[in-house]
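Atoms within each ligand, like the ligands themselves, are counted from 1 in listed order. Predicted model only: the values in this text are computed from it and were never measured. Numbers here simply count residues along the sequence, with the first being 1.
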Amino acid sequence: MKLSKNYKFWFCTGSQDLYGDECLRNVAEHSRIIVEELNKSGVLPFEVVLKPTLITNELIRKTFNEANIDEDCAGVIVWCHTFSPAKSWILGLQEFRKPLLHLHTQFNEEIPYDTIDMDFMNENQSAHGDREWGHMVTRMGIERKVVVGHWTSQAVREKIASWMRTAIGIVESSHVRVMRVADNMRNVAVTEGDKVEAQLKFGWEVDAYPVNEIAEAVAAVSESDTNALVDEYYDKYEILLEGRDADEFKRHVAVQAQIEIGFERFLEEKNYQAIVTHFGDLGALKQLPGLAIQRLMEKGYGFGAEGDWKVAAMVRIMKLMSAGMKNAKGTSMLEDYTYNLVPGKEGILQAHMLEICPTIAEGPISIKCQPLSMGDREDPARLVFTSKEGPGIATSLIDLGDRFRLIINSVDCKKVEKPMPKLPVATAFWTPQPDFATGCEAWILAGGAHHTAFSYDITAEQMGDWAAAMGIEAVYIDNNTNIRDFKKDLMLGNVVFGK
Ligand code: MN
């Protein structure tokens, strides 16, 4: 998927006029070289734009307000080459509303032992200028990322690149609009939540539509449009009839093609980027949207099942954060379904009734038609595949009544030992870190849901930073987790975020 905006990040160097014009010329030239080299490195997913050196209250305030207004500006990177008295930054920082990165670097890598004098020291003093600046940002309670090291270092560049993607998740969050088709599944707790509070915290608009309004948009899709998409499916995917009549099979597939087109037109027309459905409330739809939803997720729409709008929004955000990533392995809604409890082989089989995003697939993707064994509609067509191996994160955003908590579990995805020929759904399989028992115990203690927003491409650090920017609690379950300390994390969360 592609982002709708051509995002850029501004590079602002802090200084002052105490050291003379020659020093300021060097500061500007060094900043120009750093920005040029960062852009040339090919590591950063977005362009860095150099701004004039910030030396006065007025210019700092003006620059930050311009950054607020510029729709393409996704954040500001600040570095203090020399000392920059931090009171000059107060008004600008107070009014700034976008993601902030403090790049704590220095133009020269090594101390020039033979030539160093006091002029050099005064020009190259981020070791103390950046501390003055960091003090003010901390005093003002502003959330920011700090990256430390020389600007030519690959590790530093990768940290900046990673933060840029977090910043996209932050600035895009307030543009996420979730369409709820019908309501949440009756009596289910964990898919519920405070939609007003979600808009306050995350900026999400979450609206409900009667299912038959979208069913009408589906019915309005022409047969020729539908058949053209069916042809595309038959070109792209393996068709597994499994004894079904070929024409009857194709008619079932066509129902999903018509839903895909109808849903997408409805979402586009009304400007929604995420959608939820509910298998128990399908109105005039002939099948539960399966293949159709899988294809929409692949295009970048967020999705949550059974009315789970929090998961739909989180899937959308994680897809935005990984947009355009080279060698991306995929992002999807998943559901903890069944365990393998054999010692040494423990893991959780991830699936859903149908709706798993094919971006996480490895190997062939097939279309099957099978009974749903739930609800009262015809057998829905769906894409079936298994998923990639490697590390990923499963996240669950829950509403605890007094606040939201984001649970972030690092997981290791594996292949299942044997094929599962009778299971007609897409699957993934993982072992939660630090191990199956501790990971599951921590997840349950934290109140984590059975639906998750999962990604191979986004890191726990990125999601934790996103949560911090949203002002909500985040807890991590990973190889550093032990239950005794994890319970203290939850207690601390109650103290800091509980009401
Ligand atoms: Mn479910």
What is the name of the N/O/S atom in [X] that sits closest to the Mn ion (ligand 1)?
| X | result |
| --- | --- |
| Glu306 | OE1 |
| Glu335 | OE2 |
| His451 | NE2 |

Using distance alone, with no hydrogens and no angle criterion, decide if Gln273 and Asn271 have a side-chain donor and acceptor under 3.5 Å apart.
-> yes

Exercise: do Glu242 and Gln370 side chains pair donor with acceptor under 3.5 Å | yes

Do other residues, nucleotides or ligands put more than 12 heavy atoms under 6.0 Å from Glu268 CD?
-> yes

Just wondering, more than 12 heavy atoms not from Lys415 lying within 6.0 Å of its NZ?
-> yes

